[in-house]
Amino acid sequence: MKELASVYDPKSVEDKWYQYWEEHGLFHSEPDGREPYTVVIPPPNVTGVLHMGHMLNETIQDILVRRARMEGKNALWVPGTDHASIATEAKVVKRLQEQGVKKSDLTRDEFLKHAWDWTHEYGGIILKQLRKVGASCDWSRTAFTMDETRSRSVMRVFVDLYNKGLIYRGVRMVNWDPAARTALSDEEVVYQEQHGKLYYLRYKIVGEEGYAVVATTRPETIMGDTAMCINPNDPKNQHLRGKRVIVPLVGREIPVIEDDYVDIEFGTGCLKVTPCHDVNDYMLGQKHNLPAINIFNDDGTLSEAAGLYVGMDRMAVREQIEKDLTEAGLMEKVEPYTNKVGLSERTKVPIEPKLSTQWFLKMSELVKPALKAVEDGEIVFHPAKFVNTYRHWMTDTKDWCISRQLWWGHRIPAWYLADGTVVVAETAEQALEQARRVSGNAALTADDLRQDDDALDTWFSSWLWPISLFDGILNPDNDQMKYYYPTSDLVTGPDIIFFWVARMIIAGYEYVGRPPFRNVYFTGIVRDKLGRKMSKQLGNSPDPLELIDHYGADGVRMGLMLAAPAGNDILYDDALCEQGRNFNNKIWNSFRLVKGWAVDDALEQPVHCGLAVKWFQASLDKALAEVKDLFSKFRLNDALMTIYRLFWEDFSAWYLELVKPAYQQPIDRATLDATIGFFDTLLRLLHPFMPFITEELWQHIGERADGESIMTARIPAAGEADEALLAAMAQAKEIVAGVRNVRKTKNLPPRQALTLQIVGALDSPCKPVIVKMAGLEAIEEVTEKAGASASFMVGTLELAVPLGDSIDVEAELKKLEADLQYARGFLATVEKKLGNERFVANAPEAVVAMERKKQADALSKIATLEQAIAALKG
RNA sequence: GGGCGCUUAGCUCAGUCGGUUUAGAGCACAUGCCUUACAAGCAUGGGGUCGGCAGUUCGAGCCUGCCAGUGCCCACCA
């Protein structure tokens with residue numbers, strides 16, 4: 001094999017191996033006798049492009065899926081995309097606008113054609129990008145929330161819930177997005193603190209001098225006022241009881257009503273009531289039978305009903321009316337005021353409460369089994385703190401507004417007859433049939449039915465995702481469903497815990513009677529290193545594909561994972577990817593080293609090599625067990641760090657350095673075989689995190705058949721680790737570090753062979769390790785060390801490196817005295833404990849014995865140090 | 001306004017049932033090394049009293065209370 005470059009080049013291998021995996025069908029899964037392991041992707045928006053959040057999320061899913069596969073499970077990761085009703089429609093509208101086309105100029109079908117074109121044009125992009133990340137999705141199963149199976153599933157569920165009386169149509173105050181011109185669910189409204197003004201407006205009291213003053217943040221709504229409200233218990237406003245007042249500028253007379261809803265302390269205690277444009281005012285209007293005047297058009301401009309400012313935007317009206325009121329002397333004062341304004345999650349414009357006819361899903365009963373499942377631990381959240389958030393939302397769930405005044409999405413399967421009769425059915429044909437039956441008019445034709453214009457909330461299809469992906473709505477008992485459902489783990493962000501996670505759980509219990517998944521792993525948000533959320537405006541959001549280009553997919557995956565405990569936000573810094581890239585390079589070079597060894601079958605295995613092999617096997621066994629445990633707890637970053645240190649410290653810095661033959665010398669067969677075996681296992685452990693480099697090297701270290709892959713190799717089970725050997729080696733490492741420290745502080749050349757004196761005896765199998773790694777000529781066990789030497793302690797053991805005349809007595813004394821001081825301080829803390837009668841009486845025996853051992857060790861250490869100091873001085 | 005979480009080294013985080021050191025890791029830092037796998041490297045080293053106060057206990061980073069700071073979720077105060 002030709003000389004390998006000293007730097008790993010990800011570009012030369014990544015695409016090659018991804019293609020290999022795909023061509024050999026290694027991502028594909030079909031039900032069989034093995035234990036299933038299933039993950040469904042949180043479907044990204046069909047028109048989306050990969051961002052750092054995806055990068056993190058998909059990496060985690062891939063790690064879980066690859067690990068499960070290598071544990072011998074039948075692992076399946078189902079990919080797909082979401083039609084993202086409102087987001088996609090907004091994009092299409094915007095693009096059409098750029099081409100000079102208004103949505104309102106198009107028919108529904110014309111608009112949908114544009115939307116589908118857009119979907120086909122951009123729909124595959126993010127799925128292609130996932131391949132660059134290394135995602136091991138079963139692409140043959142790629143689904144779309146608006147493909148046929150998923151659409152029919154949505155229709156089936158809608159009709160079913162309607163027939164159960166859980167879906168109803170009604171007039172309610174809803175959140176209206178004037179930019180998208182659609183209703184939104186409560187979850188799609190985000191509240192944001194905004195610095196605004198509080199306006200004090202004068203309402204002339206009818207029949208007397210003077211004004212009643214109302215404080216409001218929305219003076220532009222006065223045209224919709226139909227009452228003023230005071231609290232009947234408000235002493236300062238008693239004089240207004242039973243009066244009528246005149247709406248400023250408008251000149252209309254309205255009554256003063258009384259309700260204890262009004263907060264006496266706020267503003268003047270007078271509230272203007274605008275039943276059409278505020279939820280509370282709507283409630284008051286209902287209660288007191290007030291007329292309602294809707295002064296807004298759907299796009300947030302003032303309607304004819306307003307009478308004034310007709311056609312102007314609500315925000316412009318607010319500015320204008322402030323001026324007009326002031327000029328008319330009807331503005332008492334204006335104060336700066338900070339309040340929370342509800343914004344559309346999608347378009348970011350302020351929500352307008354609006355009375356309208358919408359479709360709703362009753363939640364109160366559906367929620368119950370879903371809440372119980374999480375509380376009882378049938379579904380486990382990682383980290384557990386999100387159970388609280390979940391419980392809170394699930395215990396007071398309002399009905400879900402599921403209709404949207406959009407075209408891109410699942411059209412609501414409700415049809416209306418001219419007389420207002422509603423029929424709900426899965427298809428137009430069934431609707432017609434039903435309409436004939438209901439009306440008793442067999443002559444009805446499709447033209448007599450008008451389908452509801454609205455589309456369903458996007459989440460009304462994604463809440464079925466784990467079921468509908470396996471066709472479990474339409475064919476509940478099919479083989480795929482039986483095998484893959486419930487899925488194993490869901491990986492998603494906590495920001496969609498209500499939008500999606502909670503609703504999937506609800507659907508799981510309602511439609512399958514079982515949970516949709518067993519574990520939910522909540523990722524954190526990727527932020528920049530200053531802790532700011534990544535955003536296009538700040539320009540602090542790197543493009544994952546550029547990072548992959550720069551550091552390699554494995555490097556970026558590793559960098560993100562190092563910093564990402566479940567549920568913690570991650571502060572992204574390029575340095576993380578650098579660390580990942582450097583680790584790739586380390587692995588690469590370790591491979592180059594081993595690959596370069598020539599074997600000599602006639603060679604006996606040297607003692608230190610046999611020892612090294614046994615010791616590393618013990619380290620590996622320990623790490624295998626630890627990693628397994630960490631995976632079971634979803635502590636992936638800790639698992640990665642464990643493997644990282646195993647590879648870099650134990651394997652590269654100690655094991656390889658130990659067994660490495662001298663320059664151009666051959667290695668014995670036993671050690672070489674063991675080393676390659678270790679390398680193989682290490683690659684398997686690393687593969688879920690770094691799929692590309694591990695495949696590349698794994699293919700090199702053995703003869704592989706075509707189609708064979710590390711992907712389907714097994715991660716070995718941990719054997720019993722030899723703890724005694726691990727302890728002996730830990731001590732040996734400390735001794736070696738001590739000698740190296742002497743070399744460094746005494747400026748001794750690295751190659752100068754030294755003698756190490758051990759005062760007393762060292763009972764350890766690792767002496768050959770010490771000799772080799774510390775660069776020793778010999779180890780001597782002596783009763784008294786040579787006078788001129790640099791000494792140090794490991795535990796209670798005193799060691800010394802004789803240095804002849806070059807010893808700096810002053811410096812040596814200083815060091816020994818520092819050690820002595822530390823030992824005495826330590827002894828003091830131990831003796832304080834042991835001197836405490838109650839400690840000796842109450843603490844468990846083992847703890848007391850431990851303290852006594854510490855005491856004895858400290859005393860022995862102090863004695864040794866004192867002698868050493870005396871000897872130096874003497 | 002209500003609820004939940006967090007605060008341990010310069011940074012990001014571990015720290016299990018309160019009991020093995022005077023608290024660990026990675027990164028960063030300092031110093032010395034171009035030592036034939038790797039300078040994207042090797043070796044060595046410095047660095048925190050665990051947000052503050054009080055309490056429980058033989059013993060507290062860990063349990064309790066109060067305070068401070070910080071983050072998130074929920075909520076109709078105009």
Side-chain angles (χ1 to χ4, degrees), chain A residues 4 6-8 173 191 198 214-218 221 229 261-263 265-267 270-274 278-283 337 339-340 342 353 383 385-393 396 494-495 497-498 529 531 551 555 562-565 567-571 573 575-576 578-579 581-597 635 637-638 641-642 644-645 648 652-653 656-657 660 662-664 737 740-745 747 749-751 775 795 822 825-826 828-830 833 836-844 846-848 850-851 853-854 857-858:
Chain A
L4 292 168
S6 68
V7 172
Y8 170 59
M173 196 59 120
Y191 288 87
L198 188 60
V214 167
T216 179
T217 53
R218 301 202 57 193
T221 62
C229 190
Y261 159 77
V262 177
D263 180 354
E265 303 303 318
F266 188 91
C270 294
L271 173 73
K272 67 190 243 1
V273 185
T274 320
D278 183 281
V279 251
N280 299 303
D281 291 12
Y282 176 66
M283 176 272 292
Y337 189 69
N339 68 339
K340 290 211 168 166
K385 65 178 178 184
F386 288 111
V387 174
N388 289 323
T389 312
Y390 179 81
R391 182 187 299 118
H392 194 249
W393 190 74
D396 185 25
D495 50 329
I497 186 170
F498 307 134
K529 63 179 166 184
Y551 300 102
L562 274 173
N568 274 34
D569 286 357
I570 98 156
L571 304 188
D573 186 341
L576 290 164
E578 268 172 47
Q579 197 183 344
R581 180 200 57 187
N582 294 354
F583 186 43
N584 276 282
N585 205 224
K586 185 71 189 176
I587 298 166
W588 179 255
N589 278 293
S590 298
F591 168 75
R592 282 208 308 144
L593 173 67
V594 175
K595 195 73 191 168
W597 289 340
R635 292 176 60 161
N637 61 321
D638 291 329
M641 185 49 74
T642 301
Y644 175 82
R645 294 183 60 200
W648 205 308
S652 296
L656 287 182
E657 289 299 333
K660 180 161 86 175
Y663 183 55
Q664 286 189 335
R740 287 171 173 171
N741 189 20
V742 169
R743 270 188 207 280
K744 163 118 199 223
T745 52
N747 278 320
R751 286 165 193 273
Y822 181 92
F826 176 59
T829 66
V830 175
K833 269 191 202 173
N836 184 336
E837 282 170 32
R838 285 176 302 180
F839 170 72
V840 180
N842 293 324
V847 173
V848 178
M850 183 75 70
E851 292 298 321
K853 167 110 184 10
K854 284 182 343 197
D857 285 354

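Throughout, protein chains are lettered first and strands after them, A, B, ... in sequence-line order, and every chain is numbered starting at 1.
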Asks: Pairing donors with acceptors under 3.5 angstrom, does anything connect the side chains of A:Arg581 and A:Asn584?
Replies: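 No pair is found: no donor N or O on one side chain lies under 3.5 Å from an acceptor on the other.
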Asks: Could you tell me the separation between the OH atom of A:Tyr390 and the C1' atom of B:C73, rounded to a whole number of Å?
Replies: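 After rounding, the gap between these two atoms is 16 Å.
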Asks: Looking at B:C38, does its base get a donor-acceptor pair with the side chain of A:Lys586 below 3.5 Å?
Replies: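 Such a pair is found, so the answer is yes.
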Asks: Let me know the distance between CG of A:Asn388 and P of B:G2, rounded to the nearest Å.
Replies: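 To the nearest whole Å, that distance equals 17 Å.
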Asks: Could you pull out the closest heavy-atom pair between A:Glu851 and A:Lys833, with the gap in Å?
Replies: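 In this case the closest contact between A:Glu851 and A:Lys833 is OE2-NZ, 3.4 Å.
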Asks: State which of B:C38, B:A25, B:C76 makes the closest approach to the side chain of A:Asn280.
Replies: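 So the nucleotide nearest the side chain must be B:C76.
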Asks: Give A:Val7 one of three labels, base, sugar-phosphate or nothing, depending on what nucleic acid heavy atoms sit under 4.0 Å from its own.
Replies: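 A:Val7: base contact, heavy atoms under 4.0 Å.
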Asks: Roughly how many Å apart are B:C63 and B:C58, using the C1' atom of each and rounding to a whole number?
Replies: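 Their C1' atoms lie roughly 16 Å apart.
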Asks: Both distances under 3.5 Å, Watson-Crick or G-U wobble: report the partner of B:C66, or none.
Replies: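 When the pairing criteria are applied, B:G52 turns out to be the nucleotide that pairs with B:C66.
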Asks: Suppose we define a pair by two distances each less than 3.5 Å, Watson-Crick or G-U wobble; what does B:G46 pair with here?
Replies: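 Looking at the geometry, B:G46 pairs with no nucleotide.
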Asks: Whether the side chain of A:Asn842 engages the backbone of A:Arg838 through a donor-acceptor N/O pair (distance < 3.5 Å, no angle test) should be reported.
Replies: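 Yes; at least one donor-acceptor contact below 3.5 Å.
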Asks: Examine B:A78: is either OP1 or OP2 under 4.0 Å from a nitrogen or oxygen in the side chain of A:Tyr337? Give yes or no.
Replies: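 Affirmative; the distance criterion is met.
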Asks: Please determine if a side-chain N or O atom of A:Asn584 lies less than 4.0 Å away from the OP1 or OP2 oxygen of B:A40.
Replies: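 Answer is no, no contact under 4.0 Å.
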Asks: Which atom names give the shortest non-hydrogen contact between A:Val214 and A:Leu271, and what distance separates them?
Replies: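 Nearest pair, atom of A:Val214 first, then A:Leu271: CG1-C, 4.4 Å.
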Asks: Nearest to the A:Phe839 side chain among B:C76, B:C38, B:C58, which nucleotide is it?
Replies: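 Minimum distance to the A:Phe839 side chain belongs to B:C58.
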Asks: Please state the C1' separation for the pair B:G24 and B:A9 - nearest whole angstrom.
Replies: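 Each nucleotide's C1' atom is 10 Å from the other's.
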Asks: Counting side-chain heavy atoms from C-beta on, which of B:A37, B:A78, B:A25 comes nearest to A:Leu593?
Replies: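 Of B:A37, B:A78, B:A25, B:A37 is nearest to the side chain of A:Leu593.
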Asks: In whole Å, I'd like the distance from the CZ atom of A:Arg743 to the C1' atom of B:G45.
Replies: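 In whole Å, B:G45 C1' and A:Arg743 CZ are 17 Å from each other.
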Asks: For B:C58, take OP1 and OP2 only and decide whether either is under 4.0 Å from a side-chain N or O of A:Lys833.
Replies: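 For A:Lys833, the contact criterion (side-chain N or O under 4.0 Å from OP1 or OP2 of B:C58) is not met.
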Asks: Which part of the nucleic acid does A:Leu271 contact within heavy-atom distance under 4.0 Å: base, sugar-phosphate only, or nothing?
Replies: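 Counting heavy atoms under 4.0 Å across all strands, the contact made by A:Leu271 includes a base.
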Asks: Counting only Watson-Crick or G-U wobble pairs whose two distances fall under 3.5 Å, which nucleotide matches B:G71?
Replies: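 When the pairing criteria are applied, B:C4 turns out to be the nucleotide that pairs with B:G71.
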Asks: Tell me the closest heavy-atom pair linking A:Met173 and A:Val279, and the distance in Å.
Replies: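 Heavy-atom minimum between the residues: CG-CG1, 3.5 Å.
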Asks: Between B:C27 and A:Tyr644, is there an OP1 or OP2 to side-chain N/O distance shorter than 4.0 Å?
Replies: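 Result: yes.
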Asks: Considering only side-chain heavy atoms of A:Thr829, which listed nucleotide, B:A37, B:U22, B:G26, is closest?
Replies: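 Among the listed nucleotides, the one closest to the side chain of A:Thr829 is B:U22.
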Asks: Using a 4.0 Å heavy-atom cut-off across all strands, classify A:Tyr822 as base, sugar-phosphate, or nothing.
Replies: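 Touches a base.
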Asks: Could you tell me which nucleotide pairs with B:C58 by Watson-Crick or G-U wobble geometry, both distances under 3.5 Å, or answer none if nothing does?
Replies: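 Looking at the geometry, B:C58 pairs with B:G19.
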Asks: Report the nucleotide, chosen from B:G2, B:G41, B:A78, that has the shortest atom-to-atom distance to any side-chain atom of A:Asn582.
Replies: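 Of B:G2, B:G41, B:A78, B:G41 is nearest to the side chain of A:Asn582.
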Asks: Map A:Glu851 and A:Tyr191 onto RNA chain B by nearest heavy atom, then report which one ends up closer to the 5' terminus.
Replies: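 Checking each residue's closest nucleotide, the 5'-ward one belongs to A:Glu851.
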Asks: For atom C1', what is the distance between B:U16 and B:C76, given to the nearest Å?
Replies: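 Result for the C1' pair: 46 Å, nearest Å.
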Asks: Let me know the distance between CG of A:Leu562 and C1' of B:A28, rounded to the nearest Å.
Replies: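 Whole-Å distance recorded here is 14 Å.
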Asks: Describe the nucleic acid contact of A:Ala858 in one word from base, sugar-phosphate, nothing, applying a heavy-atom distance below 4.0 Å.
Replies: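 Nothing: the residue A:Ala858, judged by heavy atoms under 4.0 Å, touches no strand.
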Asks: I need the CZ-C1' distance between A:Arg635 and B:A25, as an integer number of Å.
Replies: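 Whole-Å distance recorded here is 12 Å.
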Asks: What is the base-pairing partner of B:A14, counting Watson-Crick and G-U wobble geometry with both distances under 3.5 Å?
Replies: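 Pair assignment: B:A14 / none.
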Asks: Determine the interplanar angle of the A:Trp588 and A:Tyr8 rings, folded into 0 to 90°, and report it as parallel if under 30°, tilted if 30 to 60°, perpendicular if over 60°.
Replies: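 Tilted, since the angle between the ring planes falls between 30° and 60°.
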Asks: Examine B:G41: is either OP1 or OP2 under 4.0 Å from a nitrogen or oxygen in the side chain of A:Trp648? Give yes or no.
Replies: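 Checking B:G41 against A:Trp648, no side-chain N or O comes under 4.0 Å of OP1 or OP2.
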Asks: So which nucleotide from B:U20, B:A78, B:C58 ends up closest to the side chain of A:Lys854?
Replies: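 Nearest listed nucleotide: B:U20.
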Asks: Have a look at A:Lys529 and say if it touches a base, only the backbone sugar-phosphate, or nothing, with a 4.0 Å heavy-atom cut-off.
Replies: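 A:Lys529: no heavy atom of the nucleic acid under 4.0 Å.
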Asks: Go through the N and O atoms of the side chain of A:Glu657 and the base of B:A43, and report whether any donor-acceptor pair is under 3.5 Å.
Replies: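 Side chain to base: no pair present.
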Asks: For A:Pro844, which contact category applies under a 4.0 Å heavy-atom criterion: base, sugar-phosphate, or nothing?
Replies: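 Base contact - A:Pro844 has a heavy atom under 4.0 Å of at least one base atom.
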Asks: In whole Å, measure the gap between the C1' atoms of B:U8 and B:G15 for me.
Replies: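 Approximately 9 Å lies between the C1' atom of B:U8 and that of B:G15.
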Asks: Looking only at the side chain of A:Asn741 (C-beta and beyond, no hydrogens), which of the listed nucleotides B:U44, B:A37, B:G2 gets closest?
Replies: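 For A:Asn741, the side-chain atoms sit closest to B:U44.
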Asks: Give the minimum heavy-atom separation between A:Pro353 and A:Arg218, together with the two atoms involved.
Replies: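 That would be CD-NH1, 4.3 Å.
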Asks: In whole angstroms, how far is the P atom of B:C73 from the CZ atom of A:Phe386?
Replies: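 Between P of B:C73 and CZ of A:Phe386: 10 Å.
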Asks: For A:Gly267 and for A:Asn836, locate the closest nucleotide of RNA chain B by heavy-atom distance; then report the residue assigned to the nucleotide nearer the 5' terminus.
Replies: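 Mapping each residue to its closest nucleotide by heavy atoms, the 5'-most match is A:Asn836.
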Asks: Would you indicate which nucleotide in B:A37, B:C77, B:C58 comes nearest to any side-chain atom of A:Ala843?
Replies: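 The closest nucleotide is B:C58.
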Asks: Mind checking if A:Asp569 touches a base, just sugar-phosphate, or nothing, with heavy atoms under 4.0 Å?
Replies: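 The answer is sugar-phosphate, as A:Asp569 gets under 4.0 Å only of primed atoms, P, OP1 or OP2.
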Asks: Considering only atom C1', compute the distance from B:U44 to B:U49 and round it to an integer number of Å.
Replies: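 26 Å, rounded to whole Å.
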Asks: Taking atom C1' of B:C77 as reference, at what distance in whole Å does atom CZ of A:Arg218 sit?
Replies: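 In whole Å, B:C77 C1' lies 15 Å from A:Arg218 CZ.
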Asks: Kindly assign one of parallel, tilted or perpendicular to the pair A:Phe826 and A:Tyr822, based on the angle between their ring planes and the thresholds 30° and 60°.
Replies: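 Answer is parallel, since the angle falls under 30°.
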Asks: Compare side-chain N and O positions of A:Arg740 against OP1 and OP2 of B:U44 and report whether any pair is under 4.0 Å apart.
Replies: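 Checking A:Arg740 against B:U44: at least one side-chain N or O falls below 4.0 Å of OP1 or OP2.
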Asks: What nucleotide among B:G19, B:A37, B:U36 has an atom nearest to a side-chain atom of A:Leu656?
Replies: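 That would be B:A37.
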Asks: Provide the distance between the two P atoms, one in B:U20 and one in B:A28, to the nearest whole Å.
Replies: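 Taking atom P in both B:U20 and B:A28, they lie 32 Å apart.
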Asks: Looking at every non-hydrogen atom in both residues, tell me the closest pair between A:Asn585 and A:Ser6 and how far apart they are.
Replies: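 For A:Asn585 and A:Ser6, the tightest heavy-atom pair comes out as ND2-O, 3.7 Å.
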Asks: Could you check which of B:G26, B:C76, B:A37 has an atom nearest any side-chain atom of A:Ser590?
Replies: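 Looking only at heavy atoms from C-beta outward on A:Ser590, the closest nucleotide is B:A37.
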Asks: Return the nucleotide paired to B:A28: Watson-Crick means purine N1 to pyrimidine N3 with N6-O4 or O6-N4, wobble means G-U with N1-O2 and O6-N3, both under 3.5 Å.
Replies: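 Check on B:A28: unpaired, no WC or wobble geometry under 3.5 Å.
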Asks: Taking any heavy-atom pair under 4.0 Å as a contact, classify A:Thr274: base, sugar-phosphate, or nothing.
Replies: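 The residue A:Thr274 makes no contact with any strand.
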Asks: Spell out yes or no: do the side chain of A:Arg581 and the base of B:A40 have one donor N/O and one acceptor N/O closer than 3.5 Å?
Replies: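 Side chain to base: pair present.
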Asks: What is the separation between atom NZ on A:Lys340 and atom P on B:A78, rounded to the nearest whole Å?
Replies: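 Spelled out: NZ on A:Lys340 to P on B:A78 is 11 Å.
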Asks: Between B:C73 and A:Trp393, is there a base-stacking contact, meaning the centre of the base's six-membered ring lies under 5.5 Å from the residue's ring centre while the planes stay under 30° apart?
Replies: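 A:Trp393 vs B:C73: stacking no.
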Asks: Any side-chain N or O of A:Ser6 less than 4.0 Å from the OP1 or OP2 oxygen of B:A37?
Replies: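 For B:A37, neither OP1 nor OP2 has a side-chain N or O of A:Ser6 closer than 4.0 Å.
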Asks: Just call it for A:Ala737: base, sugar-phosphate, or nothing, with non-hydrogen atoms closer than 4.0 Å on any strand.
Replies: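 The answer is sugar-phosphate, as A:Ala737 gets under 4.0 Å only of primed atoms, P, OP1 or OP2.
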Asks: Under 4.5 Å between any side-chain heavy atoms of A:Leu656 and A:Ser590, yes or no?
Replies: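 SC-SC contact between A:Leu656 and A:Ser590 confirmed.
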